[in-house]
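Okay, structure first, notes after.
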Amino acid sequence: MIEKAANQTELAAPCGLYCGVCRVHMAHANDDLEFKERLAEELGLTVEDIKCEGCHSEVLFVGCTSCEIRSCVSEKAFKGCHQCGDFPCRFIKDYPLHYGRRVMERAIPARRALGVEEWIGKELQRYRCPYCGGKAYMGAKECWDCREPVDID
């Protein structure tokens, strides 16, 4: 069953990623100190740096504040790359996180075809642990809840 995407559209990032399954966003939204500590150590940041309310908010993750994709979409007055005829552009091809780039290449055409709400529902369904059903995040190699290995992206 696909989860309802109501009130989630603001988490549809311009680049085609869904902020609702971003590990930084999830740690911040859930105020999960253990997860924030783990991310801070992994990323070489402080716990205070582990915050984000999505690409359309004023509270951005430090790594997203200078996103070229976000700037490009804004300059073109689009909601996302799914509206642009230049996909896949150099910003996506040069995106520094391999799993992020792979997700964008999958997600942007899907968002075009399905519309934002159905696409979000499918993203929420995709990012579930196949073993325990717990929420997973983009790029996860193991389930946070049951610790089983996952390869969702």
Side-chain angles (χ1 to χ4, degrees), residues 1-32 35-36 38-40 42-129 134-144 150-153:
M1 180 177 196
I2 297 173
E3 292 182 36
K4 295 219 184 236
N7 300 321
Q8 298 294 315
T9 57
E10 68 276 4
L11 296 176
C15 65
L17 301 179
Y18 179 61
C19 297
V21 295
C22 168
R23 60 193 184 159
V24 172
H25 172 76
M26 290 171 76
H28 176 74
N30 296 323
D31 199 24
D32 186 332
F35 197 10
K36 286 182 178 185
R38 184 172 139 191
L39 290 174
E42 179 184 324
L43 299 172
L45 300 169
T46 67
V47 171
E48 292 76 28
D49 291 328
I50 307 301
K51 61 182 176 187
C52 187
E53 294 179 4
C55 287
H56 296 290
S57 76
E58 297 297 318
V59 181
L60 295 174
F61 177 57
V62 66
C64 298
T65 57
S66 61
C67 176
E68 293 178 303
I69 297 172
R70 189 170 168 262
S71 297
C72 178
V73 167
S74 178
E75 287 170 14
K76 292 180 178 180
F78 292 154
K79 290 196 180 273
C81 294
H82 65 288
Q83 296 173 302
C84 185
D86 292 334
F87 169 77
C89 69
R90 68 180 175 89
F91 297 128
I92 291 173
K93 290 177 184 174
D94 296 339
Y95 193 75
L97 298 173
H98 71 284
Y99 66 83
R101 183 173 50 254
R102 189 171 64 219
V103 171
M104 288 177 205
E105 289 169 346
R106 170 189 57 76
I108 291 170
R111 190 169 163 185
R112 277 183 183 154
L114 300 171
V116 70
E117 289 193 14
E118 187 175 348
W119 168 75
I120 289 170
K122 289 190 179 288
E123 289 298 285
L124 290 170
Q125 179 182 349
R126 172 185 288 276
Y127 288 95
R128 289 282 182 188
C129 173
K135 287 184 178 181
Y137 56 85
M138 188 174 22
K141 296 297 178 206
E142 71 176 24
C143 176
W144 182 253
V150 296
D151 185 15
I152 297 170
D153 300 317

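The shown structure was predicted, so the numbers you read here are calculated from the model rather than taken from an experiment.
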Minimal non-hydrogen separation, [X] against [Y], with atom names:
X      : Y      : result
Leu60  : Gly54  : CD2-O, 3.4 Å
Ala136 : Ile152 : CB-CD1, 3.3 Å
Lys79  : His56  : O-CE1, 4.2 Å
His28  : Glu53  : NE2-OE2, 3.4 Å
Ile108 : Gly16  : CG1-CA, 3.8 Å
Ala27  : Ile50  : CB-CG2, 4.1 Å

Close side-chain approach of [X] and [Y], heavy atoms under 4.5 Å:
X      : Y      : answer
Gln8   : Glu123 : no
Leu17  : Met104 : yes
Leu45  : Phe61  : yes
Asp86  : Lys76  : yes
Met138 : Arg23  : no
Arg101 : Pro96  : no
Cys15  : Ile92  : no
Lys36  : Asp31  : yes

Once rounded to the nearest 0.5 Å, what's the spacing between atom [atom1] of [X] and atom [atom2] of [Y]?
X     : Y      : atom1 : atom2 : result
Cys81 : Arg112 : SG    : CZ    : 9.0 Å
Glu68 : Asp94  : CD    : CG    : 8.5 Å
Lys51 : His25  : NZ    : NE2   : 15.0 Å

Worksheet entry | Single hit among Arg111, Glu118, Glu117 for side chain to side chain contact (heavy atoms under 4.5 Å, CB included) with Leu114 |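 So, applying the side chain to side chain contact (heavy atoms under 4.5 Å, CB included) to Leu114 and each of Arg111, Glu118, Glu117, only Glu118 qualifies.
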Practice task
Take Ile69 and Tyr95, measure what side-chain contact (heavy atoms from CB on, under 4.5 Å) needs, and give me the verdict at the end.
Solution key: CA-CA 9 Å; Ile69 297 172; Tyr95 193 75; 3.9 Å; yes
TODO: Would you please test Leu11 and Ile120 for side-chain contact (heavy atoms from CB on, under 4.5 Å) and show each step?
DONE: CA-CA 9 Å; Leu11 296 176; Ile120 289 170; over 6 Å; no
**Asked** How are the rings of Trp119 and Tyr18 set relative to one another: parallel (under 30°), tilted (30 to 60°) or perpendicular (over 60°)?
**Response**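 Perpendicular.
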Distance-only, no hydrogens or angles: does the Glu105 side chain make a donor-acceptor pair with backbone N or O of Arg102 under 3.5 Å?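 No, because the side chain of Glu105 does not come within donor-acceptor range (under 3.5 Å) of the backbone of Arg102.
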Item to check | Pair Asp153, Tyr127: side-chain N/O donor-acceptor within cut-off below 3.5 Å | outcome: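 The criterion, which ignores hydrogens and geometry beyond distance, is satisfied for Tyr127 and Asp153.
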